[in-house]
Amino acid sequence: MPSSSAERGQQGATTETGEVIIVGAGPVGMITALGLARAGIGVRILEANAGIVPEPRAMTYHWTVHEGMQRLGLLDDMIAEGFKLHQMCYRILATGEVIRLDIGAMEGHTAHPYAVVLGQDQLEAIVLRHLARMPNVRIDWNTTVTGLAQDADGVTVEAEHEGVAVRRRAHWVVGADGGRSRVRKSIGVRFEGMTWPQRFVATNVVCDLEAHGWDPCNHLVDPADGAVIAKVTRSGIWRVTFSEDATLPLDGVVERIHAYYARVLPAGMPYELVLHSAYNMHQRVADRLRVGRVLLAGDAAHVTNPTNGFGLVSGILDSQVLSGALAAVLQGRAPDTVLDRYAEDRKRVFEEVASPSSVETKRLVFHSDDPGRLERDLQRLRAVAVDAALSRRQFMIGHRLQTPSLVAAA
Ligand SMILES: Cc1cc2nc3c(=O)[nH]c(=O)nc-3n(C[C@H](O)[C@H](O)[C@H](O)COP(=O)(O)OP(=O)(O)OC[C@H]3O[C@@H](n4cnc5c(N)ncnc54)[C@H](O)[C@@H]3O)c2cc1C
C-alpha cells in the first residue's frame, strides 16, 4: 500500500472538528475529496471496505465530465489508462443492422468530443493516486458509518472500525455512500421512485469481438436478448450486460451467463468469463440533497438504470459543483445558501434529464417488443446517424446533465 496520509487509516475516537467528512471512498466520494483538497480544505473519508473492490460497474464517461476531470488533473491519466471512444452504435440482433452515431459531431462544441472508457476500479485507482499526493486528505478504510447527529456547529459521525466504535466530528458531511446510503437514512431523507422488475447481469469477459466485426460500444437491441456489449480495457476485456427477471434465483446465474453468450456472441469464439455481478435497478432520487450540514452526492442522491451510462457521470457532475460550492462556504467566499442551490439543481437535472432519458434507452434496447414503435425508433436513429446537426443534438444531452458552477473560482 502507498504510504501517504490518504492511504493510512486513523483509529480511535477524537473530539477534534475537521472541515469535511466524506462517507464513502467510491468514485464520487474520492472525486469530491480531490476537489475540496485542491481548494485547500481538509477532508477525512470514511470507507467501509479495506480498499478498492473491482466490480463490473461504470466504464463509459461521456464528454460532459471531461472538462471538470481535466481541471482536477485526472483526464490525461484516464485517457492514458483507458481509451477514447468516438462512436456508439445500435446493433439490431434480429436483422444485423448497425447504426453508428458519431460523437465527433460535438467537435466545436466541446474541447473533448469523445467518451473515455475505463473500468470504474481503474478510475478509482487513478483518483486514489491523486489523493495520495494531497496532505490534507486522509482515508479511514474499514470504517463503517452507523449514524450521525448534527447541531449548529457541526456533525458528529458514529462509525465502527474493526469492531471498535469511533466518533468523528466535522463542520460538514458529504454522504457519498452509494444507493443504500446510511447517511441518507440517518438524516431522514426519502429515496423516491421505483425499482425495476428486471435486474442487470454485468459480466467482464476476455474475448475478441472486434475480430468478429463488432464495434467497441454496442447497444444490442432485442426484446428478449437486449444488452450493452462494449470493450472495457485495451487488454481485451469486454463488458456484456444483459437483463433478466429480478426474481430468478442468483444461484444459477453463471449457467445463465454462458447460455446468454451462446445465444448472442459469435459461435465458436473463445472467451473467458472473469467477473460478474447482478444488480437490481432503480430510478430513485432523494427528496432532499441537503439537510443542514449534511449533503448527498452520487448514488446516495440518485440512482438510475445504467443503459445510458449516466449514473456515475451524474455523480461526477454533482461532485464538481459541490466541491467548489462547499469550499467557498468554508472559506467565507459564499453563503451556505449556495448549497441549497446545489441540492435543487442536481435533483432537478436528475429528474428531468438523466432519469427519463435512461428509462427511454432501456426501453429501446431491452424492451423493443412493439415492431411499429421499434421501426419508428430506428428510423429516428438512422436519420441521426447521417446528419451531423441531429447527432449534435443527440449528444447535447450530456450538456443538459450539467448545472453551472455556483461560485467564482478560489
Ligand atoms: C452494470 C452497471 C454499469 C454501469 N455503467 C456505468 C457507466 O458506464 N457510466 C456511468 O456513469 N455509470 C455507470 N454505472 C453507475 C455507477 O456504477 C454508479 O453510479 C457509481 O458507482 C456511483 O458512485 P458512488 O461513489 O456514488 O457510489 P458507490 O460506487 O456505490 O460507492 C459508495 C462507497 O461508499 C461505501 N459505503 C457504503 N456504505 C458505507 C458506510 N455506511 N460507511 C462507510 N462507507 C460506506 C461503499 O463501500 C462504497 O465504496 C453503472 C452501474 C452498473 C450497476
Side-chain angles (χ1 to χ4, degrees), residues 21-33 44-62 64-65 69 82 85 88 115-121 123-124 127-128 139-148 157-161 166 168 173-186 196 199-204 217 219 227-228 230 232 239-243 275-282 284 286 296-319 322 350 354 358 361-362 398 401:
I21 287 175
I22 294 178
V23 183
V28 172
M30 289 200 287
I31 292 168
T32 307
R44 182 191 284 266
I45 306 180
L46 307 179
E47 166 58 48
N49 289 329
I52 293 170
V53 179
E55 272 196 69
R57 293 176 75 182
M59 52 170 288
T60 307
Y61 311 96
H62 296 261
T64 187
V65 300
M69 294 305 244
L85 180 74
M88 295 188 172
V116 175
V117 177
L118 79 165
Q120 183 167 321
D121 54 334
L123 173 63
E124 289 171 4
V127 186
L128 190 56
I139 304 183
D140 296 357
W141 300 105
N142 289 315
T143 304
T144 303
V145 168
T146 52
L148 55 80
V157 178
E158 306 285 346
E160 202 179 285
H161 174 82
V166 290
R168 301 290 180 206
V173 166
V174 176
D177 50 341
R180 296 184 184 145
S181 173
R182 166 62 58 184
V183 172
R184 188 184 64 237
K185 289 169 189 155
S186 301
W196 293 96
R199 65 163 81 102
F200 272 1
V201 179
T203 70
N204 278 4
C217 178
H219 288 92
V228 179
V232 190
R239 170 73 52 74
V240 177
T241 302
F242 64 92
S243 161
L275 190 63
H276 70 274
S277 197
Y279 298 97
N280 291 325
M281 286 180 290
H282 321 268
R284 291 187 183 274
L296 299 174
D299 276 18
H302 41 69
V303 287
T304 175
N305 83 80
T307 317
N308 268 352
F310 281 173
L312 181 48
V313 162
S314 297
I316 291 171
L317 293 170
D318 292 348
S319 89
L322 177 57
F350 180 80
S358 300
T361 310
K362 179 178 181 293
L401 296 173

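Each residue takes its place number in the sequence, starting with 1. Whatever order the structure lists ligands and atoms in, that order sets their numbers, starting from 1.
- Not a single donor-acceptor pair under 3.5 Å links the side chain of Thr361 to the backbone N or O of Ser358.
- Where the criterion is an N or O separation shorter than 3.5 Å, residue side chain and backbone included, Tyr279 fails it with respect to ligand 1.
- For atom 44 (N) of ligand 1, the closest non-hydrogen atom on the protein side is Ala48 N, 3.1 Å.
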- Task: Begin with the C-alpha distance, continue with both residues' side-chain angles, and end with the deciding distance and a verdict on side chain to side chain contact (heavy atoms under 4.5 Å, CB included) for Asp299 and Val28.
- Result: CA-CA 8 Å; Asp299 276 18; Val28 172; over 6 Å; no
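- For ligand 1, none of its N or O atoms has an N or O atom of Ala202 under 3.5 Å away.
- Residue-to-ligand polar distances place Gln120 within reach of ligand 1: an N/O pair is separated by less than 3.5 Å.
- Atom-to-atom distance recorded for Asn308:CG and Met88:CE is 8.5 Å, nearest 0.5 angstrom.
- With a 4.0 Å cut-off on non-hydrogen atoms, Arg180 does not touch ligand 1 at all.
- Within the 4.0 Å heavy-atom shell around ligand 1 one does not find Ile316.
- The part of Arg182 lying near ligand 1 is the side chain, judged by heavy-atom distances below 4.0 Å.
- Proximity of a side-chain donor or acceptor of Thr146 to a complementary backbone N or O of Glu158 within less than 3.5 Å is detected.
- Ligand-side atoms of ligand 1 in range of Gly24: 33 (C), 34 (O), 35 (C), range being under 4.0 angstrom from any heavy atom.
- Side-chain contact between Glu124 and Met30: present, with at least one pair of heavy atoms (C-beta onward) separated by less than 4.5 Å.
- When hydrogens are left out, the protein atom nearest atom 23 (O) of ligand 1 is Pro27 CG, 3.6 Å; that is the closest non-hydrogen contact.
- Shown in contact with Val28 at under 4.0 Å from a heavy atom are these atoms of ligand 1, numbered in order with element: 23 (O), 24 (P), 25 (O), 26 (O).
- Between Asp299 and ligand 1, a contact under 3.5 Å exists for at least one N or O pair.
- Counting only heavy atoms of the protein, atom 5 (N) of ligand 1 lies nearest to Ala58 CA, 3.3 Å.
- Taking the six-membered ring for Trp and thresholds of 30 and 60 degrees, His302 and Phe350 have nearly parallel ring planes, at less than 30 degrees apart.
- To the nearest 0.5 Å, atoms OG1 (Thr60) and CZ (Phe310) are separated by 11.0 Å.
- When hydrogens are left out, the protein atom nearest atom 15 (C) of ligand 1 is Leu312 N, 3.9 Å; that is the closest non-hydrogen contact.
- Below 4.0 Å from some heavy atom of Gly298 lie the following atoms of ligand 1, by number and element: 26 (O).
- An N or O contact shorter than 3.5 Å is missing between Thr241 and ligand 1 by distance.
- We find the CG-CZ distance between Asp140 and Arg44 to be 4.5 Å, quoted to the nearest 0.5 Å.
- Counting heavy atoms under 4.0 Å from ligand 1, residue Thr146 does not touch it at all.
- The residue among Met59, His62, Glu47 with a heavy atom at the shortest distance from atom 35 (C) of ligand 1 is Glu47.
- Listed by atom number, the atoms of ligand 1 under 4.0 Å from Thr143 heavy atoms are 42 (N), 43 (C).
- Scanning the protein for heavy atoms near atom 42 (N) of ligand 1, the closest one is Val145 N, 2.9 Å.
- One N or O on the side chain of Asp177 and one on the backbone of Val183 form a donor-acceptor pair closer than 3.5 Å.
- Among the atoms of Pro56, none of the N or O lies under 3.5 angstrom from an N or O of ligand 1.
- Between the side chain of Arg184 and the backbone N or O of Ala300 there is at least one donor-acceptor pair closer than 3.5 Å.
- Of all the atoms in ligand 1, the ones that sit under 4.0 Å from a non-hydrogen atom of Gly309 are 7 (C), 8 (O), 9 (N), 10 (C), 11 (O).
- For the atom pair CZ of Arg57 and CG of Asn204, the computed distance is 13.0 Å after rounding to the nearest 0.5 Å.
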- Task: Run the numbers on Ile139 and Leu128 for side chain to side chain contact (heavy atoms under 4.5 Å, CB included), then give the verdict.
- Result: CA-CA 10 Å; Ile139 304 183; Leu128 190 56; 3.5 Å; yes
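- Heavy atoms only, all atoms of each residue included: Ala230 and Cys217 are closest at CB-CA, 3.9 Å.
- Checked by distance only, ligand 1 and Ala300 stay at 3.5 Å or farther apart across all their nitrogen or oxygen atoms.
- Any N or O atom pair closer than 3.5 Å counts here, and Ala297 shares no such pair with ligand 1.
- Among protein heavy atoms, the minimum distance from atom 31 (O) of ligand 1 is reached at Gly26 CA, 3.5 Å.
- Nearest protein neighbour of atom 27 (O) of ligand 1, counting heavy atoms only, is Gly178 CA, 3.7 Å.
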- Item | Trace of the side chain to side chain contact (heavy atoms under 4.5 Å, CB included) decision for Tyr61 with Leu123 | CA-CA 10 Å; Tyr61 311 96; Leu123 173 63; 3.9 Å; yes
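- Considering backbone and side-chain N/O of Gly179, none are found under 3.5 Å from N/O of ligand 1.
- Contacts between Val303 and ligand 1, counted as non-hydrogen atom pairs separated by less than 4.0 Å, are absent for every part of the residue.
- One finds the CG atom of Leu46 at 14.0 Å from the CZ atom of Arg182 (value rounded to the nearest 0.5 Å).
- Atoms of ligand 1 found under 4.0 Å from any heavy atom of Leu46 (numbered from 1 in listed order, with element): 43 (C), 44 (N).
- Comparing heavy-atom distances from atom 38 (N) of ligand 1 across Leu118, Asp177, Thr307 singles out Asp177 as nearest.
- Within the structure, the closest approach of Ala176 to ligand 1 falls below 4.0 Å when heavy atoms are considered.
- Close approach of ligand 1 to Gly311 is summarised as follows: ligand atoms under 4.0 Å from at least one heavy atom of the residue are 10 (C), 11 (O), 12 (N), 19 (O).
- Scanning all heavy atoms of the two residues, the minimum distance from His219 to Thr307 falls at NE2-O, 3.3 Å.
- In this structure, CG in Leu317 is found 12.5 Å from CG in Leu322, a value given to the nearest 0.5 Å.
- For atom 52 (C) of ligand 1, the closest non-hydrogen atom on the protein side is Pro306 CG, 3.8 Å.
- Those atoms of ligand 1 that come under 4.0 Å of a heavy atom in Asn49, given as number and element, are 47 (O).
- Considering all non-hydrogen atoms of both residues, Val166 and Glu160 come closest at CG2-N, 4.2 Å.
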- Message: Using side chain to side chain contact (heavy atoms under 4.5 Å, CB included), reason through Val173 and Val157 one step at a time and then give a plain yes or no.
- Response: CA-CA 9 Å; Val173 166; Val157 178; 3.7 Å; yes
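- Taking distance alone, with nitrogen or oxygen atoms compared against 3.5 Å, Tyr61 stays at or beyond that limit from ligand 1.
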